[in-house]
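I have placed the structure first, in the form of structure tokens, so that the comments after it can refer back to it.
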Amino acid sequence: MTQPDGPTDTAPPGGGAVVPVAPGLIAELTARGETVAVAESLTGGLVVATLVDVAGASAVVRGGVVAYATPVKTSLLGVDPELLATEGAVDPEVARQMASGVRTALAVDGEPATWGISTTGVAGPDPQDGKPVGTVFVGIASAERVDAVELHLDGDRDAIRHATVSELLARMSTRIRTGE
């Protein structure tokens with residue numbers, strides 16, 4: 001199944017190791033003089049924690065917003081409340097709006113972060129908003145473009161959350177290097 005905003009991917013069962021890409025991503029952002037802001041729902045802070053585990057991350061990581069409760073997605077990140085009411089929080093447009101919104105929410109001296117990244121989805125154990133466990137959307141936003149990618153991940157709650165971090169950071173790294 002292909003979404004208008006990108007392919008649907010399946011991560012290996014049980015997720016996988018988180019983070020080999022984080023040090024390279026931090027180095028690339030630093031070399032480019034760019035910053036990143038993070039909006040998280042199902043990952044609950046794991047993305048920003050993974051990034052700040054890397055020495056030197058303070059030069060590029062603006063911070064993170066854990067918008068675990070659906071209303072926080074609107075109040076802090078500017079996600080359209082009608083979208084949340086009609087589609088629920090597990091939706092590609094929600095991921096896009098979270099990624100765009102966090103760039104501005106974590107602006108410094110009126111300057112948005114270069115990049116905004118986001119996670120929203122269902123880690124389980126139960127389905128949410130009519131979406132099965134393992135359905136995840138990750139968002140990547142810059143001033144020029146905002147994308148969301150649908151992932152279908154396997155494993156328990158912990159594996160899905162960690163696989164989400166790995167997938168998002170790998171996609172962010174590719175986007176920075178190749179523009180895709």
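Values in this document were obtained by computation on a predicted structure and should not be read as measured data. These numbers come from the heavy atoms of this one structure, side chains and all, not from hydrogens, waters or symmetry mates.
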Same apolar cluster (I L V M F W Y, side chains within < 4.5 Å links), Met98/Leu51: no
Test item: Val79 and Thr70 side chains (from C-beta on) under 4.5 Å apart, heavy atoms: no
Glu34 side chain to Trp115 backbone, donor-acceptor under 3.5 Å: no
Side chains of Ile160 and Leu42 in contact at under 4.5 Å (non-hydrogen atoms): yes
Short side-chain to backbone donor-acceptor contact, Arg171 and Val138, under 3.5 Å: no
Atom pair CD1/CE of Ile117 and Met172 - distance to nearest 0.5 Å: 5.5 Å
Separation of Leu151 CG from Leu168 CG (nearest 0.5 Å): 8.5 Å
Validation row: Thr120, Lys73 side chains within 4.5 angstrom (heavy atoms): yes
From Arg103 atom CZ to Ser118 atom OG, the distance as rounded to the nearest 0.5 Å: 12.5 Å
Val94 and Leu83, any side-chain heavy atoms less than 4.5 Å apart: yes
Side-chain donor/acceptor of Arg157 to backbone N/O of Ala123, under 3.5 Å: no
Thr74 side, atom OG1; Asp80 side, atom CG - distance, nearest 0.5 Å: 7.5 Å
CG-OG1 distance between Leu46 and Thr164, expressed to the nearest 0.5 angstrom: 9.0 Å
Side-chain touch His152/Thr135, heavy atoms, less than 4.5 angstrom: yes
Any donor-acceptor N or O pair under 3.5 Å, side chains Arg177, Ser173: yes
Main-chain N/O of Ile176 paired to Glu28 side chain as donor or acceptor, under 3.5 Å: no
Asp147 with Arg175: basic N within carboxylate O range, under 4.0 Å: yes
Spatial distance of atom NE2 (His162) from atom CG (Asp156) [nearest 0.5 Å]: 10.5 Å
